[in-house]
Amino acid sequence: MPALAVINCGQLVTLAGPARPRVREELKQLGIITDGGLHVRDGIVERAGTRADLESKLTAEYEIVDAGGRVVMPGFIDAHTHPVFAGNRVDEYELRASGATYEEVAAAGGGIRSTVRKTRDATEDDLFESAQRRAQWFLRTGTTTIEAKSGYGLSLESELKLLRVICRLNGAGPLQYVPTFLGAHEVPDEYRGKADDYLQVVISEMLPKVAEQKLAEYCDVFCEPKVFDTRASMRILNAAEASGLGLRIHADQLSLSGGAELAATVRATTADHLEHTDASGILALERAGVQPVLLPGSVYALGLKKFAPARAMIEAGLAIVLATDFNPGSSPIPSMPFVLSLASTQMRLTPAEAVTASTINAAYSLARGAQAGSLEPGKQADFVIHDCEDYREIAYFTGIEPASATYIRGERVYSRL
Ligand SMILES: [Zn+2]
């Protein structure tokens, strides 16, 4: 692979800074180098600096990439997605447009369980191919790494199948995946009214196999009173920790149910959603060092109004993360630029805070902070040339795709030209 010199970056947004998730005022500090450049060797950032810094070190061995005065920044890291599933839920989308609520659709056998039925019937090859097509949607919107959850199998065999597909996707590249086991996403049809029995299957059958086969780095739970309450969620998370998995939680999405406090008690890496979390939940997260992963796309796509209290979280010193929650039901949204727009218009994050939350902070929430999320020497050269002159345009112009080229480990994996 030739060495690369990315020159003529109107704004090189490096996110250089302390080697930890950013909080409070740090969220606004993007380490922008005006008229900057980037040297890349063996897929790793060799140096980042001003034109004057880099020109003296430029030799004939570098292949030139001219950014044309545009914005160059790290690839987005999408720390919460459900990208492997069969079929779609466009019928339910239409029903909801006609007035049905998400809960009503789910109670009638739709929702997650309808995707589970289709996903169980699909082969590994089918699931791999449909996910590969969706991987292009991430690359073309400037995302280079995604966290990917299972959770549409809900049986031992189907959950292992989904996790194997995620591992295969990661091996096939170019999009990079971090696998999460979400066997406790919903109670499947055959265990309706026997949720405790299903809980036992997750804990004593699925988790040991997932850990033994090293198919996931994290375990997640859908913690809601009518699905897995805090007691059930705690049992699963304790077992997951004992199996060596990191912990994530879908918490306080549809109601205030103690999910944030639970995340703090089990010292989860992240608590995700948090639309209904109150001041005491925020305090608990702060004391336990849990990173909140905020998902405004699902609030938007469900036609709801209550977004997570992001400003209160920032004031409390939480290292917030933004992600898409891409899934076929509540968030058919793979685009981080769109999520940045929602963050600024609906949650009052400045564009800079939103960029930090979706790059370096997201990387730390996935134990990738040492490799990704910023453009600093020694890190992977995962970067995007955005077709704008000012990074704030990414959140500002909405409904377009600002990424004009996406690079992973110094290789161009998407280009609009
Ligand atoms: Zn989710």
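Just so it is clear, the structure is predicted and the values come from calculations on it, not from any experiment. Order of appearance sets the numbers: ligands from 1, and atoms from 1 within every ligand.
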Relative to the ring of Phe383, is the ring of Tyr407 parallel (under 30°), tilted (30 to 60°) or perpendicular (over 60°)?
parallel
I need the Phe76 CZ to Met73 CE distance, nearest 0.5 Å.
4.0 Å
Can you check the number of protein N/O/S atoms within less than 2.8 Å of the Zn ion (ligand 1)?
4
Under 4.0 Å between a side-chain nitrogen and a carboxylate oxygen: does that hold for Arg41 and Glu46?
yes
Angle between ring planes, Trp137 versus Phe326, binned at 30° and 60°: parallel, tilted or perpendicular?
perpendicular
Under 6.0 Å from the six-membered ring centre of Phe85 and within 45° of its axis: does the NZ or CZ of Arg134 meet both?
yes
With sequence neighbours excluded, give me every salt bridge (charged side-chain N to carboxylate O under 4.0 Å, His left out) pair touching residues 238-250.
Glu147-Arg248
